[in-house]
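One structure below.
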Amino acid sequence: MSFKPAKWPRKLRSQEWFGGTGRDQIYHRGWMKNQGFPHDMFDGRPVIGILNTWSELTPCNAHLRDLAERVKNGIYEAGGFPVEVPVFSAAESSFRPTAMMFRNLAALAVEEAMRGQPMDGAVLLVGCDKTTPSLLMGAASTDLPSIVVTGGPMLNGYYRNERVGSGTHLWKFSEAVKAGEMTADEFLEAEASMSRSPGSCNTMGTASTMASMAEALGMALSGNAAIPAVDSRRRVMAQLSGRRIVQMVKDDLKPSDVMTKPAFENAIRTNGAIGGSTNAVIHLLAIAGRVGVDLTLDDWDRCGRDVATIVNLMPSGEYLMEEFFYAGGLPVVLKRLGEAGLLHKDALTVAGEPIWDQVKDVVNHNEDVILPVEKALTVQGGIAVLKGNLAPSGAVIKPSAASPQLMKHRGRAVVFEDIDDYKAKIDDDALDVDETCVLVLKNCGPKGYPGMAEVGNMGLPPKVLKKGITDMVRISDARMSGTAYGTVVLHTSPEAATGGPLAVVRDGDMIELDVPARRLHLDISDEELAARLAEWAPQTEQPTSGYAWLHQTHVQGADTGADLDFLKGCRGAPVGRDSH
Ligand code: FES
């Protein structure tokens, strides 16, 4: 930690718009005054953008306008000037073809919103899965002081006195309906019990994972990740973050000061300890690419390999975010990592202190929720990175959500050329499949879907489910919802749509998965593989205009974060020419 606060007072970038008596300054300032701001608000105090992903079509973030008011209070209290700015909001639950296709668009919009407007720092008001990485990516590319405030998870769901987790139980219940164990009416009743309060998914899905990643990276105040959306302490957190960002601007404490390589290593280990989403792999790689940190898939395997999963939350375990909060939340996990020698203790946080100073005195209030290491859900809980002739650039699997007996498995491939092919065949009793087979789904990667949808946890064939089997090995170039589970190999790279080896797997091929050896192998000769790849031809139908074209032309592989190639890196926030 070598950060030295900048001198204060000094002239901030917002003064290029608001300071002085020239025609242009009067134009910028005068129009702002139509909102009733007194003249002294423009006196050089930090102008803080509250970048709000509120949207009624992003239900997980629908309460963020209320939270923004609390952030504003904090900014005013600390002598700043808050301005709430709506930014692109991609809802996981409804954006088509997938919210992931728009993560980079949102990041681009956020970056330009920060650079092109009179803002000295930003509060990133996020929640639903993609909103957190997209705003972190945009902020990283400007390197303006920024702090994350998440909306918090929903309260626990309960159906007939059983804990119901967002997403996790959706997959469970839909399999139960397919297996004939649940009626459609019961499914409907369960739906209503799943989402009973404002907030994001209450499991350790991608939203909770990314909230935890933001905190582990040092980009949110300590304890932010787990506070339920409706808990009054969520509002306190928002207000304190508002106060803090003003001081961060005065000190010039930037994302690049906080999101260093050690901070990313802390986040990777944290992901293993919480049993976090595989989506964090892609998002952290993309964020690192923006802030100029050299992070690779190999770092994920190296840092995560020996981390035990100690957070007993769905989908890997049994509890939900509400209980995680009552147990002490992420600070307890960070403390445990620190005690185990798995935390860079001096990594700087937005609080202006090393991460260890923030967590060293916290207490675990529930050892059923945050487990002692002897009772860990999985001893090697980090994301495993697989390599082999089927995934030369890598693939990932989440061991804590997989079946131990399938971690080494050899099986016959049952291949689906794309998601439509899968949907057309999977329920057909004539499909030649049993539980020893390996389901292979192609053309669901960043270019293939497009956008890399969360379809990797393919539902099992009904004839297998009816035998009481609940897991099979599944392999694809897709992603998987952080709320999902199973022995599911994801992000296989290069993806099928760009001619990766996955594209040439055929029905009946034998596939070997060996997670302990980190191996994913298609059991055909090198010559046969080369011959099949030489025959392969890309799909000719491609978008020719619009964002779909931009995405398709520039999106990179999952193994490097699936960012758009021209958006990588930090471009800073130079003040451009005036508009008149
Ligand atoms: Fe928004 Fe899960 S769908 S957080």
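Counting starts at 1 for both ligands and their atoms, following the listed order. Numbers for residues simply follow the sequence, beginning at 1.
Counting atoms of ligand 1 from 1 in the listed order, those under 4.0 Å from a heavy atom of C60 are 1 (Fe), 3 (S), 4 (S). Near E92, meaning under 4.0 Å from one of its heavy atoms, ligand 1 places the atoms 3 (S). Within ligand 1, counting atoms from 1 as listed, the ones closer than 4.0 Å to a heavy atom of A207 are 4 (S). Near C128, the atoms of ligand 1 lying under 4.0 angstrom from a non-hydrogen atom of the residue are 1 (Fe), 3 (S), 4 (S). Near S200, with a cut-off below 4.0 Å to any heavy atom, the atoms of ligand 1 are 4 (S). Residue contact check: D129 has heavy atoms under 4.0 Å from atoms 2 (Fe), 4 (S) of ligand 1.
Looking at N279, T278, T206 one by one, the single match for side chain to side chain donor-acceptor pair (under 3.5 Å) with R479 turns out to be N279. Each of E162, E191, R163 was scored for a side-chain contact (heavy atoms from CB on, under 4.5 Å) with H169, with one residue passing: E162. Partner of D563 under the side chain to side chain donor-acceptor pair (under 3.5 Å) criterion, chosen from R103, H283, R290: R290.
Going from atom CG of L284 over to atom CH2 of W300 covers 5.0 Å, rounded to the nearest 0.5 Å. With rounding to the nearest 0.5 Å, the separation of CG in N364 from NZ in K335 is 9.0 Å.
The cationic group of K130 does not satisfy the cation-pi geometry with F88, failing either the under 6.0 Å distance to the six-membered ring centre or the 45° limit from the ring axis.
By heavy-atom distance, the residue among S208, A99, P153, C201 lying nearest atom 2 (Fe) of ligand 1 is C201.
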